[in-house]
Amino acid sequence: MKKILIVVCALCCQLLSQAQPAGGFGGFQGPKVDLPTSQEWKDINYAGDDQAYHTCDIYLPKKEAASYPVVIHVYGSAWFSNNGKGMADLGTIGKSLLEAGYAVVCPNHRSSMDAKWPAQIHDIRAVIRFVRGEAAKYKFDTSFIATSGFSSGGHLASIAATTTGLKQTKVGTYDIDLEGTVGNFLSESSSVNAACDWSGPVDLTNMDCGEGMKMGENSPEDVLLNSKLAKEPDKYRSLSATYYVNKNNPPIIIFHGDKDNVVPNCQGKEFYELLKAAGVKTEATFPAEGGHGGPQMYTEENLKKMVCFLDCVRNGGNMSCCDKPCCKKEAKTRILEEGGTGAYKAIMREEPTLPEHTIFVPQDLSAFGPAKLLPVLVWGNGACANSPFEHMNFLNEIASNGFIVLATGDIPMTDEWYKGPMSRAEQQIESIDWIIAQNADPKSPYYQKIDTKAICVAGMSCGGLQTLFNCADPRIKALMICNSGLFNEQNAGQAVGGMPMPKKEKLNEIHTPIMYMLGGPEDIAYGNGMDDFKRIQHVPCCAINFPVGHGGTYRQPHGGEFTIPALAWLQWQLQGNKEAAKMFIGKNPQLLQRKDWTLESNKLFKKLK
């Protein structure tokens with residue numbers, strides 16, 4: 001009986017919504033909603049095909065800005081509708097988000113009749129990648145992308161969040177590809193920064209939870225999976241956002257009515273408890289009179305809670321609009337080696353508005369401003385670690401000399417070796433997006449203190465591959481590849497799984513001066529790096545070697561010997577420091593006066609001044 005109810009209710013709501021084209025699927029709304037927008041685009045295809053189920057509508061806030069943070073809101077339909085974007089809670093959730101300054105993207109997705117799971121999450125991830133790939137065209141600020149959704153849309157929003165960064169996995173005996181190949185922006189990240197779950201079914205192995213809420217045959221999830229729970233339980237686990245909950249999930253806020261007679265309220269409560277237990281930032285509201293959507297769910301108070309939660313995640317610090325734990329949490333900081341030996345004592349810190357990154361920056365920013373700007377170093381870690389634990393002494397020392405360093409990964413609060421998921425090449429681009437936005441934001445401590453035209457992207461080992469993957473970005477002024485180089489067809493099999501693997505032709509996209517800093521013939525990356533160096537003739541390039549092997553000297557006090565040429569390279573390329581240039585050019589380069597260093601350069605490098 002319960003399964004019949006969920007289908008009937010979904011279809012009835014859809015019909016009601018069709019009778020109110022400006023309203024929303026998630027409850028009764030006025031026949032006409034005037035959305036506060038400056039621009040709207042309808043039926044934009046995010047997949048590059050001609051299918052209506054791969055289209056989305058885009059709404060920009062009325063208050064114009066250079067760019068807007070993004071919320072992708074997904075309609076509910078028990079996965080039965082492939083064209084519900086015009087009914088995606090526009091008069092409630094959508095309107096509140098627009099008034100708060102968020103761009104709203106409402107996508108269609110394939111129904112359970114069009115394709116079986118995981119096609120639906122493939123579509124939502126394609127939308128996320130589309131937002132990043134078309135950011136300039138639609139004025140999207142990709143430093144913050146959240147998913148949101150009602151009912152089955154809440155399920156898709158939630159699973160996009162709990163599987164963030166996970167492209168494929170094995171759930172028991174069931175192999176699942178979570179990423180898919182939909183759309184034209186496959187190199188973009190499908191990760192999100194937050195999620196809002198409105199009445200979503202999140203544990204599809206436990207839809208009979210709750211007193212008196214027993215489920216019957218041929219449920220929507222059975223149709224979606226073309227199976228039965230008793231027959232293939234691992235498939236149902238793969239469909240459950242709860243299965244993927246872990247400490248690395250982005251913040252998630254949950255709204256689920258106590259009187260929901262379609263998706264049992266215990267679904268939201270289970271999700272909330274699992275997120276809390278995993279250490280994920282989360283909040284939950286369970287309205288006593290709330291049903292499956294409707295006015296008791298979309299109250300002004302609840303909509304304000306949603307907006308404030310997203311604001312807290314995006315902006316960090318104390319927020320005047322709400323009193324939430326996520327708003328009050330202090331950013332982690334750590335002083336390394338007494339702040340370094342440079343003129344500006346540095347601090348290592350996290351920034352709530354840039355998750356999965358660590359910042360190294362002078363402690364006192366008062367010395368910097370329009371007359372003295374901070375150049376930028378964007379860093380990727382060895383082993384693609386999602387923490388700069390191995391390089392923190394090196395990066396801290398650079399920051400103490402008047403640089404801001406944006407390193408991939410979570411802040412290392414101990415000296416222990418990192419054990420966790422791999423980082424993404426896209427995190428370097430997120431760093432660039434973020435620091436440019438911070439420099440333009442009057443509320444930011446970095447406002448008008450950053451030289452956004454002086455950005456060097458660098459990385460060690462796997463982080464060097466990430467750097468080369470991103471080398472074409474026009475905002476980059478210089479590159480530094482440490483203990484790394486692109487693999488060729490002969491040795492590609494030696495690469496660790498998960499590493500970016502651009503072909504050697506990628507080197508042709510480099511448009512800036514580039515330095516390779518290697519550990520001599522004993523460095524396992526020596527052959528790849530030197531081969532890159534010999535191939536690069538179209539931009540200034542040098543290769544320097546110090547016989548220390550692959551690990552370099554990064555963990556030594558103040559980063560050891562590698563810090564000397566790295567700092568000189570940054571001072572020369574980003575600040576135009578002529579004294580620093582003497583480390584590499586002239587009749588007797590200073591680097592060659594240091595014990596055991598070698599220096600090779602191409603013809604264009606020799607012409608640098």
Side-chain angles (χ1 to χ4, degrees), residues 1-14 16-17 24-28 73-81 84 87-89 92-93 109 111-112 117 120-121 147-162 195-225 229 236-237 239-243 245 252-275 282 284-298 302 306:
M1 181 65 186
K2 174 61 183 174
K3 292 299 185 181
I4 296 172
L5 176 61
I6 192 171
V7 176
V8 171
C9 183
L11 294 176
C12 287
C13 286
Q14 185 173 352
L16 285 168
S17 296
F25 175 80
F28 298 100
H73 186 73
V74 188
Y75 58 86
S77 70
W79 307 287
F80 285 124
S81 173
M87 304 175 289
D89 312 290
T92 52
I93 295 170
H109 61 75
S111 71
S112 56
W117 177 258
Q120 293 69 29
I121 192 61
T147 47
S148 173
F150 166 73
S151 194
S152 61
H155 160 265
L156 292 172
S158 297
I159 205 164
T162 59
C196 304
D197 168 27
W198 293 86
S199 311
V202 289
D203 183 356
L204 282 304
T205 69
N206 194 28
M207 286 298 289
D208 286 331
C209 71
E211 184 177 351
M213 304 193 77
K214 303 303 178 186
M215 310 301 265
E217 297 297 323
N218 298 319
S219 70
E221 56 268 27
D222 292 345
V223 176
L224 183 62
L225 294 169
L229 176 59
Y236 288 74
R237 293 187 185 97
L239 184 60
S240 302
T242 52
Y243 177 82
V245 169
I252 299 173
I253 188 169
I254 300 164
F255 297 89
H256 211 130
D258 278 344
K259 293 187 177 180
D260 192 325
N261 63 348
V262 178
V263 177
N265 169 272
C266 43
Q267 289 277 308
K269 291 183 176 179
E270 175 193 351
F271 195 23
Y272 177 58
E273 293 301 326
L274 285 171
L275 290 168
T282 185
T285 297
F286 304 107
E289 299 300 318
H292 197 62
Q296 298 302 320
M297 290 301 295
Y298 299 134
N302 286 346
M306 170 194 68

For H256 and N265, which heavy atoms make the closest approach, and how far apart are they?
O-ND2, 3.1 Å
Non-hydrogen side-chain atoms of W198 and D89 separated by less than 4.5 Å:
no
Might you point out which heavy atoms bring L204 and Y236 nearest each other, and give the distance in Å?
O-CD2, 3.6 Å
Between S111 (side chain only) and S81 (backbone N and O only), is there a donor and an acceptor less than 3.5 Å apart?
no
Is the backbone N or O of V263 less than 3.5 Å from a side-chain atom of D260, with the two atoms forming a donor-acceptor pair by type?
yes
Heavy-atom closest pair, residues C209 and P264:
O-CB, 3.5 Å
Check whether Q267 reaches the backbone of D203 with its side chain - one donor and one acceptor, N or O, closer than 3.5 Å.
yes
Would you say the ring centers of H73 and F150 fall short of 6.0 Å from each other?
no
In Å and rounded to the nearest 0.5 Å, what is the NE2 to CG distance from H155 to L224?
7.5 Å
Going from OH on Y75 to CG on L156, what distance comes out if it is rounded to the nearest 0.5 angstrom?
9.0 Å
Nearest non-hydrogen partners of W79 and E221, listed with the distance
CZ3-N, 3.8 Å
Can you measure from OG1 (T92) to CE (M306) and round to the nearest 0.5 angstrom?
8.0 Å
Could you go step by step and tell me if Q296 and N302 meet the side-chain contact (heavy atoms from CB on, under 4.5 Å) rule?
CA-CA 9 Å; Q296 298 302 320; N302 286 346; over 6 Å; no
CG on D197 to OG1 on T147, rounded to 0.5 Å
9.5 Å
Determine whether a donor-acceptor pair (N or O, by modelled atom type, separation under 3.5 Å) exists between the side chain of S199 and the backbone of H292.
no
Could you check whether any side-chain heavy atom of T282 comes within less than 4.5 Å of a side-chain heavy atom of F271, counting everything from C-beta outward?
no
How far apart are the closest heavy atoms of I159 and L239, and which atoms are they?
CD1-O, 3.6 Å
How many angstroms lie between OG1 in T242 and CG in N206, if you round to the nearest 0.5 Å?
8.5 Å
Which atom names give the shortest non-hydrogen contact between A161 and A195, and what distance separates them?
CB-CB, 3.6 Å
Rounded to the nearest 0.5 angstrom, the CD1-OG1 distance for I254 and T285 is 9.5 Å
